[in-house]
Amino acid sequence: MGFFLSLVLGDITQKGYEKKRAKLLAPYLPVPSAAPASAPAAASASKFHRARSGGARDERYRSDIHTEAVQAALAKHKEQKMALPMPTKRRSTFVQSPADACTPPDTSSASEDEGSLRRQAALSAALHQSLQNAESWINRSIQGSSTSSSASSTLSHGEGKGTSGSLADVFANTRIENLSVPPDVTATTSSSSSSSSARPAAIDLPPSGIVKGVPVSSRVSTKIQQLLNTLKRPKRPPLKEFFVDDFEEIVEVPQPDPNQPKPEGRQMTPVKGEPLGVVCNWPPALEAALQRWGSTQAKCPCLTALDVTGKPIYTLTYGKLWSRSLKLAYTLLNKLGTKNEPVLKPGDRVALVYPNNDPVMFMVAFYGCLLAEVVPVPIEVPLTRKDAGGQQIGFLLGSCGIALALTTEVCLKGLPKTQNGEIVQFKGWPRLKWVVTDSKYLSKSPKDWQPNISAAGTEPAYIEYKTSKEGSVMGVTVSRVAMLSHCQALSQACNYSEGETIVNVLDFKKDAGLWHGILTNVMNKLHTISVPYSVMKTCPLSWVQRVHAHKAKVALVKCRDLHWAMMAHRDQRDVSLSSLRMLIVTDGANPWSVSSCDAFLSLFQSHGLKPEAICPCATSPEAMTIAIRRPGVPGAPLPGRAILSMNGLSFGVIRVNTEDKNSALTVQDVGHVMPGGMMCIVKPDGPPQLCKTDEIGEICVSSRAGGMMYYGLAGVTKNTFEVIPVNSAGSPVGDVPFVRSGLLGFVGPGSLVFVVGKMDGLLTVSGRRHNADDIVATGLAVESIKTVYRGRIAVFSVSVFYDERIVVVAEQRPDASEEDSFQWMSRVLQAIDSIHQVGVYCLALVPANTLPKTPLGGIHISQTKQHFLEGSLHPCNILMCPHTCVTNLPKPRQKQPGVGPASVMVGNLVAGKRIAQASGRDLGQIEDNDLVKKHQFLTEVLQWRAQATPDHPLFLLLNAKGTTVCTATCLQLHKKAERIASVLSDKGHLNAGDNVVLLYPPGIELITAFYGCLYAGCIPVTVRPPHAQSLTATLPTVRMIVEVSKAACILTTQALMRLLRSREAAGAVDVKTWPTIIDTDDLPRKRLAQLYKPPTPEMLAYLDFSVSTTGMLTGVKRSLLWLEARKAFRAVKLWIQCRLGAQKSLLQRREGGLWSGHQEFCCCLPLGEQGILPGVKVVIVNPETKGPLGDSHLGEIWVNSPHTASGYYTIYDNETLQADHFNTRLSFGDAAQTLWARTGYLGFVRRTELTAASGERHDALYVVGALDETLELRGLRYHPIDIETSVSRTHRSIAECAVFTWTNLLVVVVELCGCEQEALDLVPLVTNVVLEEHYLIVGVVVVVDPGVIPINSRGEKQRMHLRDSFLADQLDPIYVAYNM
């Protein structure tokens, strides 16, 4: 397999074979002594193919200065232990398919805007050795933390050898050994000067090492302890004041650092380029130049195309270009429709769909459109119906009103088709008519037909598409005069002369590839050799060979192409670049391009490359060419470099780096402003205010050669293409409009232009600006472990909780181990923090080849971001760091002093507010009824009803479809109850007062058995029957209730009786010790001589056992009450058990805070005249002080009524507990003499504007949630249901959710009902939503299978059971993520 793989990867060298062989045999060979330091360096000298396909050493990213800086920053951590808990996952979650494993992604691919592709970072052997040491702290901290789980899919949490057995031990060790305090992965290094970078860890640790009631020796708790230790150091800047619930005041706004650098220079003045010279033979329009050369120099070569091997295949002459363009123009205007109804009119827009390897057909189509006066819109060839960004391209086509697409015959055949052969309708695209432009399909124009070639004006010439940061595609419209002026400015700046040969490696459809290779080319009668991207992939040295073969004067390249040439140059040593007078590096504006240029020069200077020939330039779709370095004079000193402080740059200020060489950015200039242009630098946000001379801002250009608008988007156009700069007072400086370029930079000494980043790559975190490209470069410099594909990293920001948060996504190699990946991720976090002083919110690794690609193979950043936010990225590894990044959380709430007796004033006022109490109607009005006096008990009422209204249906049983299955009338219920009472007496030999367990599913049988017990004088104990599928889980609860209630008998169905005595049941409980079991399916037709009548109403009626959500089994005694009270009790019970799905409310956050009147925030149930039952009084009480609370304050609901339960049924009679719950008094106030029952529910009473029947204002009671379920976090009270409701909404695959806390960490458990691939998608979504909606940071996210969260018989989640199972490592989770 290994040898086969090596061939697949394209590695057919002897060295590669040896390396693979050694790797395969390594496990079976003895370990040799330390290898000599030069070994890695020697290995790197093998063939290009290996280095590129395997991506082992990717010189593209080489920046020795930056790599050394990153290594130095990481080395600072090497003495410290790292205590990051590794995530836990099931094996199946991250196993990649064999197809993925065998196809490494195209590491070399890059789109036009791929900043990451210009980074170089390779380690020398010495650096590699120093990194080995730097890794030691990670290795020590996660000893043995293998996450590959065993075959049984059980977990293997990374438990350190000798991990302390209890939390107390861990704390003790931490205190004794100062050295073992783990470093904070995202702490600012000691040498950094920025104090503003301090970040918080909002974790409150318990004061002692003992956590009550929780086993802490499990592997999970060890990991949580590691997490706590890592988060322990407090880093939050102090908060100025307590917040109120208004948006701006909720969050902590970081105060500006008083030491942060501020711009000190004077206001800049716009910089002018040299005047645009007037050359006598410059044409009045570009089409006129084509006509001139096509007529007078027909044989001159214009464009040469290459085949896939890099050999010239076809040369288009100026004569051919002119004649074919003429034919196409004539066909477009005259042959597509009828004479009266032409399909195209001058000014219409047309799509140009041509592949990247066919420049000849594209050039003919482009000039054909110009001659026909229609506006070409070049786009990429769509490959599938759902291309990344394809829908946005469709939006552009629609907004441009395009109905016609030009393409080649070959390309048309390759487009995806439907079953009946038609081209598919691409997602979001308008309906298009496809026109093939191959010569054989074009009509020759008549002799007398001539195209209309007028002098260039402001009418549109072509539209170039541009993708914004958010992924929307806009069309930059370029006028004919701007196209001509730009060609003139390029001709002057590059000093082009007729007949020169240029080699173009760029995309000829847009940007510099189009401007130089298609447009300026024709203006100056140049000969362009077009080297397509597909040729570069198979023959990376092809462009250098073309320069050599054609003695080309100019080459247009990107850093990517320099890198490929360096990798492959050993294949052919006899090439010469001495003919080049300009090597135009079109992404020279990228801050990291300087390393590529230096490395390329050092390698090819011996091949005749002149140092002054390297000419970086800066371009943008809107402003076109902004600046270009002019070809230098041989022997003249090269322009200088700017070595800038990264910290200064993050504050938008230019400072020469002095304090810390690790965080320096070296940038090269991109030359001077274009001829005829003017440049200024304006602040990137807010009004376009001119920057100071030492300030970074957005580069704006004013010239005739620039875009004129975004087609069809007038609003955005004004903001970009019609910018009038203003001074610090806000008044306009001049009246010349400027165009925003989207590039960030400054004008340095000698009017040289420097670019430090792009607006699209700008990440503004806590008021500081960071460049996505810089962060990519830092991540790539951490290359001690070969974990990710280098060209496949995306960095973007997402808005979470009122600030931008940085997300890094990379493609992981299939052979990278879990430990390697986790180590790489940890080190990247440290490196980014040390170099940039910013925390990474989320770092995700996805399987190879899964990130959305741009047409030229780079990463589609906005689509990746969209997948991340939608939860469809499917990472195989993820590390979230919200504790370190989120610095703007509100201040933890302090306990407010309780209200004491002194604050209760005369009357019903507490702390200046009416006491929160309410009551229902008086019961006295009802009791005068004779019937009520006569029939005092429910059994008597049923007997009376059986005689008075025998056929009245009391109960209906419905099935799942809603149809009636069974009914019970008054008489039927009475008769059946009599027979059951008889059976209890005869078979069970029971006496009055004995307890009987009723084991029935909900239905009429249960009701008849209940009344049968009452008729016999027995006390029914209703119990939910066990599940046949999960006997081991449900039967022990039944058994426990039977034992605790001391039941003398069990009434049930035949089926359940068989289940209780089955072999499966015997595995769960001792079936021999069941009391008498009586089945009620076939009852004898016998009735009791006399029905039982209780002597007093206070006697016990029935026992109500239930398992609470916190896992406690309680039995509540219910006494016999008179009729109205009995009915009322059922209503109260139903009301109390009805937990309202209260959405996020300000109430649950404010312990006793005022209710601020936002009724929509609290989904509550008002219980007024109809709701608070007759005879019921309600008071709201502080559960800790037991003092009454004021109106609208949140507290426990206490109830006083004649029909509350009488106490707990217990084996050991705990009087204090009983008194506390059923007969308790207020600690002070008017109502202190009343006996109250505590409901255990939180709520508040609020007086409304409505009027009650008594004429007084109506009191509404609102229930918020159960008291024993509230979570105390950051001094605030939260209800699990509210957090769970938020979490359940975030992703379609979340089936159920439960939350609990452990050592002040919030743990969220979600059940995944989708495929396991989606498990890691949930981690960032859950973290985001809890932060956004509840201002809480999730500590641990656990993803489990459906059905894992335990639910009790009432359908309530057993959160404490779940917590115990999690800590005892019994959940078998799919994934456990520990948020940093």
Side-chain angles (χ1 to χ4, degrees), residues 898-901 903-904 908-911 913-923 1104 1108 1114 1116-1119 1121 1125 1128-1129 1131-1140 1147-1148 1151-1153 1155 1164-1169 1171-1208 1214-1247 1259-1270 1277 1279:
V899 175
S903 62
V904 177
N908 276 355
L909 288 181
V910 54
K913 282 191 155 286
R914 194 180 70 87
I915 283 185
Q917 57 185 4
S919 55
R921 281 182 305 156
D922 193 2
L923 264 176
D1104 191 0
S1108 76
T1114 50
V1116 178
K1117 298 191 286 191
R1118 307 287 184 191
S1119 61
L1121 307 161
F1129 167 70
V1132 167
K1133 187 158 186 263
L1134 283 173
W1135 157 60
I1136 288 292
Q1137 287 185 355
C1138 172
R1139 167 62 177 103
L1140 305 157
L1147 289 166
Q1148 83 250 30
E1151 189 189 338
W1155 192 74
C1164 294
L1165 176 68
L1167 299 168
E1169 260 186 333
I1172 296 181
L1173 298 166
V1176 177
K1177 291 182 192 160
V1178 169
V1179 67
I1180 306 297
V1181 180
N1182 181 326
E1184 287 163 10
T1185 65
K1186 296 191 180 174
L1189 288 171
D1191 193 57
S1192 298
H1193 279 251
L1194 191 61
E1196 188 182 5
I1197 302 169
W1198 287 16
V1199 179
N1200 167 271
S1201 82
H1203 51 256
T1204 48
S1206 55
Y1208 285 129
N1214 188 334
E1215 292 299 335
T1216 52
L1217 189 67
Q1218 195 121 317
D1220 184 52
H1221 280 251
F1222 296 92
N1223 303 301
T1224 191
R1225 286 185 166 85
L1226 292 173
S1227 55
F1228 59 88
D1230 289 355
Q1233 307 320 307
T1234 315
L1235 286 178
W1236 299 90
R1238 303 178 65 165
T1239 64
Y1241 282 80
L1242 274 178
F1244 59 94
V1245 167
R1246 182 165 170 266
R1247 179 148 280 191
D1259 292 314
L1261 172 64
Y1262 294 81
V1263 183
V1264 176
L1267 187 64
D1268 62 354
E1269 291 198 337
T1270 55
R1277 186 177 274 144
H1279 290 280

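Scope of the values below: all heavy atoms of this structure, side chains included, with no hydrogens, waters or symmetry mates. One-based numbering along the sequence shown.
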For a quick test of reading the model, state the closest non-hydrogen atom pair linking [X] to [Y] and the distance between them.
X       : Y       : value
Thr1270 : Leu1267 : OG1-O, 2.9 Å
Val1245 : Ala918  : CG1-CB, 4.4 Å
Gly1195 : Leu1189 : CA-CD1, 3.7 Å

Quick one: [atom1] on [X] to [atom2] on [Y], what's the gap to the nearest 0.5 Å?
X       : Y       : atom1 : atom2 : result
Trp1198 : Leu1235 : CH2   : CG    : 10.5 Å
His1193 : Phe1244 : NE2   : CZ    : 11.5 Å
Leu1261 : Ile1180 : CG    : CD1   : 5.5 Å
Asn1200 : Thr1224 : CG    : OG1   : 12.0 Å
Thr1239 : Ile1197 : OG1   : CD1   : 5.0 Å

Do the charged groups of Arg1247 and Asp1191 touch, with an N to O distance under 4.0 Å? no
Are the side chain of Glu1196 and the backbone N or O of Val1181 linked by a donor-acceptor pair below 3.5 Å? no
Kindly indicate, with the supporting measurements, whether the criterion side-chain contact (heavy atoms from CB on, under 4.5 Å) is fulfilled by Lys1177 and Gln917. CA-CA 7 Å; Lys1177 291 182 192 160; Gln917 57 185 4; over 6 Å; no
Could you walk me through whether Trp1236 and Val1199 pass the side-chain contact (heavy atoms from CB on, under 4.5 Å) check? CA-CA 6 Å; Trp1236 299 90; Val1199 179; 5.5 Å; no
Would Tyr1262 and Arg1246 count as a side-chain contact (heavy atoms from CB on, under 4.5 Å) if you check the C-alpha gap in whole Å, the side-chain angles of each, and the deciding distance to 0.1 Å? CA-CA 8 Å; Tyr1262 294 81; Arg1246 182 165 170 266; 4.1 Å; yes
